[in-house]
Structures are given as structure tokens and as C-alpha cells.
Amino acid sequence: MDPHSYARPEEARITHLDLDITVDLQGRALQGTALYDIDDKGAGHIVFDTDGLEIERAFTDGGNEAAFALGDSTFLGRALDIIIPTGTKQVGIVYRTGQDAKALQWLSPGQTAGGEHPFLFTQGQAILTRSWIPIQDSPGIRLTYTARVKVPQGLMAVMSAENPTALSADGSYSFRMEQPIPAYLIALAVGDLRFEPIGSRTGVYAEPSVAKKAAWEFADMERMLESAESLYGPYRWGRYDVIVLPPSFPFGGMENPRLTFATPTILAGDRSLTALVAHELAHSWSGNLVTNETWDDFWLNEGFTVYFENRICEAVYGQEYARMLQLLGRQDLKATIAKLTAEGHADDTHLHLHLEGRDPDDGMTDIAYEKGFAFLKLLESKVGRERFDAFLRGYFDANAFKTMSTERFVAYLDEHLLKPTGTTLNLQEWLDEPGLPASAIEPQSDAFAKVDAEIKRWNEGTPARELATKDWVTFQWMHFLRHLPEGLDDARMAELDKAFGFTESGNAEVLAAWFEQAIRNDYDPAFTALDRFLTTVGRRKFLMPLYTAMVETEKGKVMAQSIYKEARPNYHSVSVRTLDDLLAWKDNRPPASF
Ligand code: BES
Ligand code: ZN
């Protein structure tokens with residue numbers, strides 16, 4: 001039973017979607033027909049999830065009109081209940097998306113790299129697909145799909161499916177996803193797009209001015225794919241491509257099958273932020289192949305993926321790189337635990353969540369990622385890597401194209417790993433208790449120890465420009481910026497900026513970490529660049545710490561409100577929802593005191 005879906009799959013469930021839609025970029029709406037093959041158990045009706053959709057009509061086999069009713073509107077949207085005769089094989093729904101459909105972000109030409117064409121992308125996870133397709137929107141319900149999408153001539157459409165590599169003459173595109181996937185992985189992007197191949201199974205889609213740079217940045221993708229396969233078995237989705245979206249994309253990446261959606265903020269120009277690609281690629285096993293049954297089991301998607309990502313990175317970039325990643329992750333985890341605990345949400349630091357009655361997005365924190373990773377790392381250390389790898393490979397094979405709940409995972413783990421190896425473990429403290437268990441292993445990194453030593457020298461009077469930073473990589477700079485002493489005055493900040501050029505950095509991770517320091521230390525010279533960053537980049541992971549730091553002071557609050565007023569129209573609904581909360585916006589309005 002999924003508390004975040006109105007669907008009743010035990011009565012009737014969808015098995016295949018044939019989607020036929022037109023994309024109206026001017027009117028900012030999608031309209032068309034969703035035709036489903038269904039498995040009807042004879043209950044006399046079928047229930048779909050919708051959110052903001054206008055339902056025009058519903059029909060069954062052969063086009064017979066079907067009576068339907070929409071339920072009350074809640075944070076889950078509205079149930080669409082369609083009456084069907086017993087034995088019904090197909091159900092069709094003619095619909096149109098509403099204003100402010102939560103999954104959709106419609107970009108004006110000015111929000112794109114090219115500046116000439118509008119752009120559209122969707123974001124389905126966790127429960128947003130229902131705002132652009134009437135569907136049974138539960139991760140436990142899988143379907144195959146085909147689609148025909150009509151877009152303005154000259155633009156390209158791509159989906160989480162078999163994709164075109166060239167423009168169509170008339171703007172019509174056809175898609176096919178042959179493997180059954182949950183609704184949250186259905187995705188669409190439309191814009192002025194080009195394809196650049198990388199390896200034989202890999203490539204990148206992006207706007208024309210970005211495509212070549214992106215292909216260079218992601219040159220390691222084919223090697224990542226090969227490493228992933230040699231770790232945990234064949235890649236089962238055919239091709240693996242990435243689309244680089246405009247900067248308002250609210251996440252770093254989203255693992256849409258066959259086509260990862262990614263933020264352009266990973267194009268650092270030196271391939272230093274490609275771990276994100278390894279992460280989304282890893283989801284092709286953990287998440288897309290073996291899928292969390294409900295959002296309470298989110299850690300089964302993300303924790304496994306962080307572990308797998310780390311293994312891919314170790315294989316491709318070496319052990320030190322993997323260790324730095326682990327340590328940055330552990331720093332994030334500790335900060336998240338402290339924050340959630342202080343806010344009275346210690347329950348959200350459990351791996352196994354209880355999100356009923358809440359927006360699942362609210363429970364999706366670093367906990368699933370990094371506490372999940374720490375748990376798997378502990379298992380690895382207890383049974384040895386060889387044994388653990390064999391276990392994981394078996395797990396992905398045995399559960400491919402199925403869902404997994406925390407309870408069933410515990411049973412599987414016990415039977416296939418703990419019992420056979422005689423391993424004992426306090427599962428309760430890992431899964432159902434707050435914080436980080438004492439049994440967690442602390443990652444170590446020599447590269448970060450070097451950074452710590454240089455910070456110490458700076459504190460003791462060595463000028464910034466004389467610090468031994470010559471060979472530092474991006475992760476070391478992030479560690480450096482995260483561990484600067486508190487209360488730096490303008491002169492000290494300027495000394496760093498002059499020596500290392502942080503305000504002008506082309507690396508978004510470095511910039512974001514620097515801006516956080518600039519806000520905390522009220523370092524004015526960085527604020528023009530900060531403003532520019534916040535009005536173009538919509539990646540929530542960057543926005544949250546920056547706005548959070550701003551609202552900690554009176555001056556910062558005013559600055560936050562004025563930047564947000566400018567920037568808000570450029571953000572996707574998932575970022576807007578979180579930031580409205582933080583900045584006390586209500587009904588599209590700033591707080592009265594502002
Ligand atoms: N599946 C997530 C993104 C997501 C999570 C979307 C929850 C909606 C709800 C994706 O795989 C992810 O984790 N992205 C990270 C990057 C990663 C390297 C940790 C991100 O977006 O920052
Ligand atoms: Zn992920």
C-alpha cells in the first residue's frame with residue numbers, strides 16, 4: 001500500500017501507456033490522449049492519480065464513453081475514478097495539463113543558452129508525473145510506454161526512451177520504452193537540442209552551443225558504463241545518454257532511464273564534477289532496475305546508488321578520489337543530522353521513513369544517500385568486498401524490474417549475506433533509529449589532510465598566496481572552503497579571493513561553497529556574482545544553503561527577499577516550494593513585512 005498514490009492496483013492496474021500529445025510552448029500546456037493497456041481484476045473501476053489536469057473525456061475498448069469522477073484535491077492531487085465494464089482491456093483519457101503543472105518547467109528563450117527558442121522539461125520524482133499525465137503514480141507500479149509527441153518545427157523532443165538523434169522535418173517524434181518502469185521515470189524535454197556521440201552506447205544531448213563542451217566533459221561516460229557492468233552485471237537499457245538542461249533544472253541529475261537529465265552546473269571545464277554522471281548511471285541498477293516500493297524506502301534507491309557511484313569513481317578515477325567523495329558526503333550527513341535534529345525532525349534521520357500524510361519530497365534528504373552509504377560500507381567491511389560484490393550482483397539480478405521494501409530487503413540480506421557469513425549487526429539502529437550509529441566507519445583522506453594542514457598554516461600567518469595549493473583538485477577546494485575559520489573580515493576574505501579567484505570561479509561547487517562564506521562574513525565584493533548565480537541557477541542543493549545563510553541576519557534577509565523576488569520566476573516548482581517555505585512566501589507573494 002503506497003500512501004502517496006490514489007491508485008488501487010489490486011483492483012485494476014495499468015501495464016502499458018500509449019501517449020499521444022501536442023506540446024504548446026506558447027500556451028504552456030500539453031494536450032492529448034493517454035491510452036492504457038490495463039490488467040482489470042473485475043472491480044468495475046480503475047483509479048488514476050492526477051494533479052491539476054483537465055480531464056475532457058474517458059473511454060474504454062473501441063472508444064466507448066466511460067463515466068468518470070474526480071475526487072477532492074489534496075497534496076496528492078485528485079483521484080480520477082473511471083467506471084469500466086468487467087474484462088476491459090484498454091482505457092483512454094483525453095486531457096490537458098493545467099496552469100502551474102508541478103512537473104513542468106516552461107522556459108522562455110532568455111532562460112536558455114541559445115536565447116532564441118523556448119524550452120520545456122519535466123521532473124517526475126517523486127509524485128509529479130501525475131501533473132502531466134493521468135497515471136497510477138506509485139513506484140510499485142511499472143509500465144512500458146510508447147509516445148508520439150508533436151512539437152514546433154525546428155525543435156527536438158527527447159524522452160526517457162529510445163530517442164531521435166536528428167531533428168524531424170515536421171516536429172513529430174515517436175518514442176518507445178520497452179522495459180517496464182515506474183511512472184516517476186517517465187520524462188520529456190523539448191528544445192533546440194543537438195546530439196553528440198561519446199562512445200558506442202553513450203552520448204549527450206544539449207543546446208547547440210553547449211553540446212560539444214558537454215561531450216568533452218563527459219568523455220569518461222563509456223568507461224563508467226563498462227566499470228559499472230563489470231561490477232554489478234549487464235546494463236539492461238540499451239543506450240545511456242545524458243541531456244544537459246538549462247541551469248534552472250532543480251536537481252544535479254535525474255536518472256530518467258536511457259537519458260539522464262542533468263544540470264549544466266557540472267560542466268566545470270575540467271571533468272571534475274562527473275561523479276554525478278556515475279551516480280545517475282548507477283541508478284540504472286539501484287532505483288530503475290530494483291525500485292523502492294514506496295517513498296518510505298527511498299534509501300534503497302539512493303543509498304545503494306551512492307555506494308555504486310563511489311565504486312564506479314574508484315574504478316575510473318582511483319581510490320583517493322573515491323575517499324574524498326566519501327568524506328564530503330559524511331560532512332553533509334553530519335550537517336543534515338544536526339539540522340534535522342535541531343528542527344525537531346529526528347524521525348527523518350531514520351533510514352526507513354514514515355512519510356504518510358506528508359509530501360514525500362520533505363523526507364528526501366541526505367540521510368537516504370549518506371547514512372544509506374555508511375550502512376552499505378559497514379556491510380562491505382564486515383563481509384569483505386568480494387563477498388559483498390557477489391551479494392549486490394545477485395540482489396540486482398534476483399530483483400530486476402521489481403520493487404523492494406525495507407522489510408523485504410532485511411529478509412533478503414539476512415538470507416543471502418548475514419546468515420551465510422555468520423555476520424551479526426544491529427539492524428534496528430541503522431534502519432529505525434535516529435542519527436549515525438557508532439558502528440559507522442569514518443572515511444579517511446590523505447588529500448584532505450593536506451588541505452587541513454594548509455588551513456592551519458594560513459591561520460598561523462602564512463599568506464594565502466604562499467599556501468601549497470598548486471595541485472589541488474575541486475574536492476580539495478570544496479573541503480578548504482568548508483573549513484575556513486569563522487568570522488573572517490573583509491581583508492582576510494579579499495586575501496583569499498585575490499590569491500585563488502573564488503568569486504570568478506567557473507566551478508559551480510567551488511562558487512557555491514565560496515558564496516556561503518561570503519554571506520556569513522558579509523563580504524560585499526562577491527554579492528554581484530552571488531546575485532547572478534542565484535538568478536540563473538535553479539539547482540536546489542545550491543540554493544538552499546545560500547538562502548539559509550542569508551536569512552540568518554537582518555541585512556541578509558532583505559537581500560534574500562530581493563534576490564528571490566527576481567529569481568523566483570526562473571525556478572522550477574520543486575525549488576519554489578522549498579524556498580517559499582524558507583522565505584515565508586504565501587500564494588506567490590512575499591511576506592507582508594518585506
Ligand atoms: N533521484 C535523484 C534526484 C531526486 C531526488 C529527484 C528526490 C527528486 C526527488 C538523483 O539521482 C540525485 O540524487 N541527484 C543528486 C546528485 C547526486 C550526485 C547526489 C542531485 O540532484 O544533487
Ligand atoms: Zn540519486
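For the numbers below, each heavy atom of this structure counts, side chains included, while hydrogens, waters and symmetry mates do not. In each ligand, atom 1 is the first atom listed, and ligand 1 is the first ligand listed.
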By atom name, which N, O or S atom of H279 is the nearest to the Zn ion (ligand 2)?
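Among the N, O or S atoms of H279, the one closest to the Zn ion (ligand 2) is NE2.
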How are the rings of [X] and [Y] set relative to one another: parallel (under 30°), tilted (30 to 60°) or perpendicular (over 60°)?
| X | Y | result |
| --- | --- | --- |
| H479 | H483 | tilted |
| Y321 | F475 | tilted |
| Y307 | F388 | perpendicular |
| Y235 | W285 | tilted |
| W585 | Y564 | perpendicular |
| F304 | F396 | perpendicular |

I'd like to check which ligand 1 atoms, numbered from 1 as shown, lie under 4.0 Å from a non-hydrogen atom of [X].
| X | value |
| --- | --- |
| F298 | 5 (C), 7 (C) |
| Q123 | 6 (C), 8 (C) |
| G252 | 20 (C), 21 (O), 22 (O) |
| H283 | 11 (O) |

So for ligand 1, is [X] a polar contact partner (N or O within less than 3.5 Å, distance only)?
| X | value |
| --- | --- |
| K541 | no |
| E255 | yes |
| Y369 | yes |
| G253 | yes |
| E302 | yes |

Short N/O/S contact of E302 with the Zn ion (ligand 2) (below 2.8 Å):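 Checking E302: at least one N, O or S atom is under 2.8 Å.
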Quiz item: Is ligand 1 less than 4.0 angstrom away from at least one heavy atom of R539?
Solution: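 So R539 counts as touching ligand 1.
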When you compare the side chains of [X] and [Y], does any donor N or O come within less than 3.5 Å of an acceptor on the partner?
| X | Y | value |
| --- | --- | --- |
| S138 | S5 | no |
| T129 | D137 | no |
| Y317 | D220 | yes |

What is the closest protein heavy atom to [atom], and at what distance does it sit?
| atom | result |
| --- | --- |
| atom 8 (C) of ligand 1 | F251 CZ, 3.3 Å |
| atom 9 (C) of ligand 1 | M364 SD, 3.6 Å |
| atom 11 (O) of ligand 1 | E280 OE1, 2.8 Å |

- Query: So which heavy atom on F308 is nearest to which on S286, and how close?
  - Reply: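 Heavy atoms of F308 and S286 come nearest at CD1-OG, 4.3 Å.
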Which pair of non-hydrogen atoms, one from I14 and one from Q136, has the smallest distance, and what is that distance?
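Heavy-atom minimum between the residues: N-OE1, 2.9 Å.
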Inset, instruction - Identify which of L276, V277, L325 has a heavy atom lying nearest to atom 16 (C) of ligand 1. - result: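 Comparing heavy atoms across L276, V277, L325, the nearest one to atom 16 (C) of ligand 1 lies in L276.
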- Query: What part of Q125 sits under 4.0 Å from ligand 1 if we count only heavy atoms: the side chain, the backbone, both or neither?
  - Reply: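 For Q125, the contact with ligand 1 is made by both the backbone and the side chain.
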